[in-house]
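Chain letters run A, B, ... following the sequence lines, proteins first and then strands; every chain starts at 1.
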Amino acid sequence: MKQKLLSFVLLFTLFIGAAYAQNRQVSGRVTSASDGSPLAGVSVVVVGTTDATQTDASGSYSINVSGNNATLAFSYIGYATQRVNVGSRSVVNAQLIGDDTELDEVVVVAYGTSTRSAFTGSVATVKAETIENRPITSITKALDGAAPGVVSTLGSGQPGSDATVRVRGFGSINASANPLYVVDGIPFNGDLNSINPNDIESLSVLKDAAASTLYGSRAANGVVMITTKKGKEGKVSVNFRTNVGIASRAVKRYDVMDTKEYLETVFQAYKNDEIYTKGTPEGQAGVNAVNRLKGTVDPIFGVNEQYNPYNVPVDQLFDLSTGKINSNAQLKWNENWLDEVMASNPVRQEYQFDASGGSDKIKTMASINALKEDGLLKTTSYDRFTGRVNTELKPVDWFRTTMSTNFARSTTNSLEATGSTTSNVWYSSEQMAPLYPIWERDANGDFVLDVDGNRLFDYGLDRASGAQQNFNSIATLYDDKYYDIRNNAGARGMIEFNTKDSKYGAFQGFTLAVNLGADYRDNLYTYYYNPYFGNAAGSGRLNKQSRKVFSYTFNQLLTWDRTFDKHNVNVLLGHENYSYKFNHLSAQKTGFPFGGIYELAPGSTIADADSYENNETIESYFSRLEYNFDGKYYLSSSFRADGSSRFYKDNRWGNFWSIGGAWRISEEDFLKDVSWLNSFTIKSSYGGQGNNDLLFDGASAYYAWQAFYDLTWNNANNNGGKVSSVENKRVTWEKNKAFNVGFDGRFVDNRLTVGFDWYTRKTTDMLLNRPLALSLGFDGFNDNVGDMKNSGFDLSLGYDVIRNSELTWNITAMGSKVKNEVLKLTDGQNEIISGSNIIRVGEALNSFYMARSAGVDPGTGDQLYWVYDNKDDEFDLSKHYISNDMGKAAASRVMLGNRIPKLYGSLSTSVTYKNFDFSAMTTYSIGGKIYDVVGYSYMTPLYIGNNFSREMLRAWKQPGDVTDIPRVQKEATYTLTDRSLVDASYFSIKNIAIGYTFNVKSIGLNSVRVFAQGDNLALFSARQGLNPQNNFTGTTGYVYTPNRTISAGVNLKF
Amino acid sequence: MKKIFYISALSLALGLSSCSKDFLETKPTDRVDAPTLFETTDGAQVALDGIYRMLYTSGWATGNTHQNFGILSTKLYTSLMGEDLLQDAQGNGWFYFDYRYDVRSRFTATTWRPYSTWNFYYNIVSNANYILAQEETLPGDPAVVSKIMAQAYALRAYAYFQLIQSFQQTYVGHENAPGVPLYTEPTTSASEGKGRGTVEEVYAQINTDLDKAISMLDADKSQAHKSHIDYYVANAIKANVALVQNKWTDAVTHSTAALSKSGLAMITGDDLQSGFNNRNLKSVLWGSEVIADQSGIYASFFAHMDARADRYARSSRKVIYNWLYDQIPSTDERKAWWQGPTDGGTNDTKPYNQRKFRYSDLATDLGDYIFMRAEEMQLVKAEALAHAGRLPEAKTALEELMKLRNPQGYQAILNAMTMSNSLTMGSIGSPTTLMDQIILQRRIELWGESERIFDILRLKTGFNRNAANSNHTAKPNWNTLDPANKEFILTIPQKEFDGNPNMDATKDQNPM
């Protein structure tokens, strides 16, 4: 009605105007950019005049203009106003872009929503479409490259696993640096992989103080706000989607030796041990080496040469002078342990069904999803069912309630092993020397078969010491079982009373909302060890662990929102309680009559039984004041006080505040008519947040300040306790102060989008294990120690290269830089050394601290080091000299850089042509270093029986050789040097998606889309096998290799 | 509309009041704070039993925990550092790094022997100090309080005694060498690491603590559990300390006191071949009872000793030095503790493999840990008497043991010895004096259960792995006959220097 009135007025003025001008007529059609449908009722105004018209039902208009310099402005509710220069054209078509979707983006922020141009804080968003294009199971894996300032690990290839995420640098040392995850307004404590990515409407990452202070207590490392899909008013829409794919390695295997190369190298290693350690003459050394290789003390060929893979005896296998394998020798077997454990083309399949719709009184969305994903490693898999219902009821204008529930059940079959244990195939099969057979072989190299004709696993009683003696990790994969059944359930309920309507007079503008959100998860681990071979040979062992987490957030929010003339004021007051409860119950039995029993009852002996509970509570009071004048000037301030149960009562409360401002310059009169400028906001904020999530061995430490006796130290049947911590009542919140300045702008018909933020974030009172002398019985205690600074910038650029009704092409580039500096540690200490890392004042966190390699002595093949004599000489390189003294080298460590890249980000593009769509994303990281633990261990294996890297083929062999790799020598030890470091830079093709949408309205469907997607498609890094995104500290490990997924699917909508 | 505000006010009020006063007070369920524990003597006893549990629990390093199971892992690695006990193959690698002297350079890691040894014994010290801090204030029967405190004193002394022997050369001749940091106060957040002090200071503290313990335990000599330090165990520790300090009279006095326990007797016959896995053997002074859920499975003494089991010893037998084996007469019952030179074909019957230490139950990985036997005190007494010049008494003391082991041959052997207290044999010579025979008997009887390298340091003989046809699989290429080689003692873990302002890595580290 209002619009019609307005058009009448406009038309009326047009008639008057027309009477006075010498004009020509321009006509055209206005359509929606998103689906090409005609837009009726769009106002078309000649800029600088009062001439105006409206489009008709088919989107057509005509209007008179004078001269060739006229500009038309098209405006329509819910769409961005577009200005078009007419020039000499007589037909001017326009495509309007929806305000809420692509332009002034609605962003979900703490306790509410805002729009990008009006928001004083820094926020990055990831859209549903971006998530949909990726065949991922955990939402955490969608964040890599998707938002500036956000960095993630590649994550494990174990189906269902999560990636780790960091926002704007590394804010903590001993406290968690994970962002806070908030789902539909309530901090989330379920499993991140229980959230069905298809249910996600949008994901925003709050990065600065203005954005996140309202989550004060736990927002120091950023907040990831996940908003699930809601029902929309209007037609009911139904969506069915299937997606089927296969997985393969995303990172190639390390380049390791084959049998011949390995045996030649290991022979040389024994021979060099004879020559250089025992002083055996060269002529005798080869003979001794062969005798040892087939001997009993440190053999590699087992008993009676059982593991000689060649058809000639060991005595004749090596040319003693050259070390080469006898050219007549033929391999009897050639087995590859790692290949054997890898599944070929494991399948991932996913089925999604959802429906949503609603009226003005009730809106609802419901979804159900089934997923089954097999792992790259045989026998590993992940199965998941999820369901969600989101409902909103608004019976009267003063009352509204929303309720949502979700449920997920998953079963994970995994390999429960990390690090250097033989049951971890990523360690043991990866490292296995290639001569050993997987299955038992007879003297001819033929398989030994059991009575049923099956091959028998070789349990390697007499393999070399590093080659899984008395174990077969491949057999364990089949014979042992590790699985985890998880249930996640969550509920979010909100009731809201308001007096928004003007009929409430002086009381107008109040809203009182009460939110209760709860997350529950339980899981039941089963670890089954078979009674036949391996860890529990003879008796079998079964371990069951039940863990339950229940958390809730209960808050009461009172807001007052009024507009007086050009002034808008919004005040929020709130109170919140948070409670977290964890229950653990576990039991273990041994003595099982036979294998394959996965329940405890039949076990004869209780080997372990344990239970405990952890609790955490937080209470908070908070407020926010927002003011804006005329949609041009925005001010916001917030305050939050948090009390945490983790700290002593006198030091429990932390006060956090922030202030921010934004100026929409583009709304100013002097810029309103600049045609290339559509929107431009500059903003700045300053404020603080806290962190109480102190960690101990990577797990949350809920009792930070107390000294305890750990009562699990019973002496036989006498109760016993051991002191487990040192009391420190002073320990309190780790604090963050962040300053942000930046801008968001849209230019050139909204084609170009630019977002830029520069920030500096100082962490003070870092929660840290303040070191104690180890001789005091503890290596430290929880305390607030030291300061650290992260600073950098986040930049994102988007450009619509082509934008017409048939073809659109968009390019997006993101880049971030972060610089980390430790500003202060303890009073008396300016460095904390931890293995090969150092935290040193003035340097970046976790810098590498190692000796420097000075190459290899061409005369002897010794590893040479740069060494110095006095501690103070570390910084004066002129006092460093070359030596082969390992001990001296161990004391001659220097700073050698860190993992933090110089620049990282992503480049992505999307194209739509008619019904085709295509998108691609690549990620890049430039600079930084990685201590390649795995790669380096292939060059300096700790035990015989570990394979070598092919890089070892260029090791020093004889005097005069110039090389970077010292002579191979059995059990030679080296001081760790920068030889173990590699460049961390990489470029990866992260994701490609292609789709085609059929118009099937004629058969009653809305649309049918077929699509294909690829994830983690290619990786280019410094060394084959290196995963540059293994973690943030810059090491590699013996972990489940990340996977590449290629999938295809169909999406039906009606 | 007013209704709305009533409702609003009500829910807000409800919301706020839901927060009770102790909403923010949380406590763990498997731990308790010290004041609660020290409200009663029963509670203090819990703290004390926690220390006893540590003595056979694995851990103490951030990795390699399978070779760190308390006192017996010390006994095993210190034996491997000498010559009498060896590994015939590298096996899975456990302990082999100790045996081939490849741990000292690994002091910067928190996984290897320097770290785990330091950490283990200082954990005992700090836990004892927390108990001792309650000496004046612990409520309850003064007799019970006194008994608890006495044990804490003895445990602290024992830990310092192990530390000083592991990280410094022997007492005599090195009295003024750097010791190890000494603490007698409980650790608090205000505590600061101390410097090394001197060896003399460490022994002074050890003796002060032991003297207190002995006098306090004198009142009630009962032992509630075999793992508890009673009057006799405290005397036994003191006897060992006196031996190292060459205080012969003290050593005689305290070993005699230790042996005076009623019911205590040296074992004979079947007990000798029972696997040393039962704390209730009549000669056991001190030992831990290991029950099913505390066995450690792989991370246990027997996993490394008993080659019959599908555990570590299977591929890396703990074997007697063939030289020592050859010193044992065929009439000596102890000869059956080892397989002879012939290979019996199974893992358990590989040449010279030990069968002295065996699981009590293979299937459940069970076996008690024995820390101290009457036989050890008998040998200490004999050695101290000899040093004190009381040779006939020394001979009698030795005879009491030998006649139980070698009833047919002991007299001939003893009669062949010169009645002298000088040690002429060295590491692998021929026994000619009474002292030679005492030390030889000590090496046989306490094989695998005394800290052999501590004896080598104390006796200043060095060791020799190069006897004829030596079955040693690792022979260091430095001078092992040096009486005080730097290799015989551990390096101090880097972690100590990182947290201790009074220790400087460039000055206070042991020689590299």
| query | Is it true that the side chains of A/Asn577 and A/Glu619 contain a donor and an acceptor less than 3.5 Å apart? | reply | no
| request: Pick one of side chain, backbone, both or neither for A/Ala707, based on which atoms fall under 4.5 Å of a heavy atom in chain B. | output: backbone
| field | Interface residue of largest heavy-atom contact number with chain A, from B/Asn500, B/Asp88, B/Thr187, B/Thr57, under 4.5 Å | value | B/Thr187
| task | Check each atom of A/Ser724 against the heavy atoms of chain B and say whether the ones under 4.5 Å are side chain, backbone, both or neither. | result | side chain
| query | Given that the side chain runs from C-beta out, which part of A/Ile832 has a heavy atom under 4.5 Å from chain B: side chain, backbone, both or neither? | reply | neither
| query | When only pairs under 4.5 Å are counted, which of B/Arg311, B/Met512, B/Glu192, B/Arg100 shares the most heavy-atom pairs with chain A? | reply | B/Arg100
| said: For A/Phe781, which atoms come within 4.5 Å of any heavy atom of chain B: side chain, backbone, both, or neither? | reply: side chain
| Salt-bridge present (A/Asp501, A/Lys503; N to O < 4.0 Å) | no
| Looking at B/Gly43, B/Gly91, B/Ser315, B/Pro35, which makes the most heavy-atom pairs under 4.5 Å with chain A? | B/Gly91
| message | Is A/Thr277 in contact with chain B via its backbone, its side chain, both, or neither, using a 4.5 Å heavy-atom distance? | response | both
| note | Answer key: most heavy-atom pairs under 4.5 Å with chain B among A/Asp298, A/Thr973, A/Asn470, A/Thr605 is A/Asn470
| task | Would you mind checking which part of A/Trp705 comes under 4.5 Å of any heavy atom in chain B, side chain (CB onward), backbone (N, CA, C, O), both or neither? | result | neither
| Structural part of A/Tyr578 lying under 4.5 Å from a heavy atom of chain B | backbone
| query | Between A/Phe510 and A/Tyr504, does a ring pair (Phe, Tyr, Trp, His ring centres under 6.0 Å) hold up when you go through it step by step? | reply | CA-CA 10 Å; A/Phe510 282 101; A/Tyr504 296 106; over 10 Å; no
| remark: So, the part of A/Arg730 with a heavy atom under 4.5 Å from chain B: the answer is side chain
| task | May I ask you to establish whether A/Arg893 and A/Tyr849 are in a cation-pi arrangement, using a distance under 6.0 Å from NZ or CZ to the six-membered ring centre and at most 45° from the ring axis? | result | no
| request: Flag the one option from B/Ile51, B/Thr473, B/Thr26 with the top tally of heavy-atom pairs under 4.5 Å to chain A. | output: B/Thr26
| field | Segment of A/Tyr612 engaging chain B (4.5 angstrom heavy-atom cut-off) | value | both
| Residue A/Phe399 versus chain B: region with a heavy atom under 4.5 Å | neither
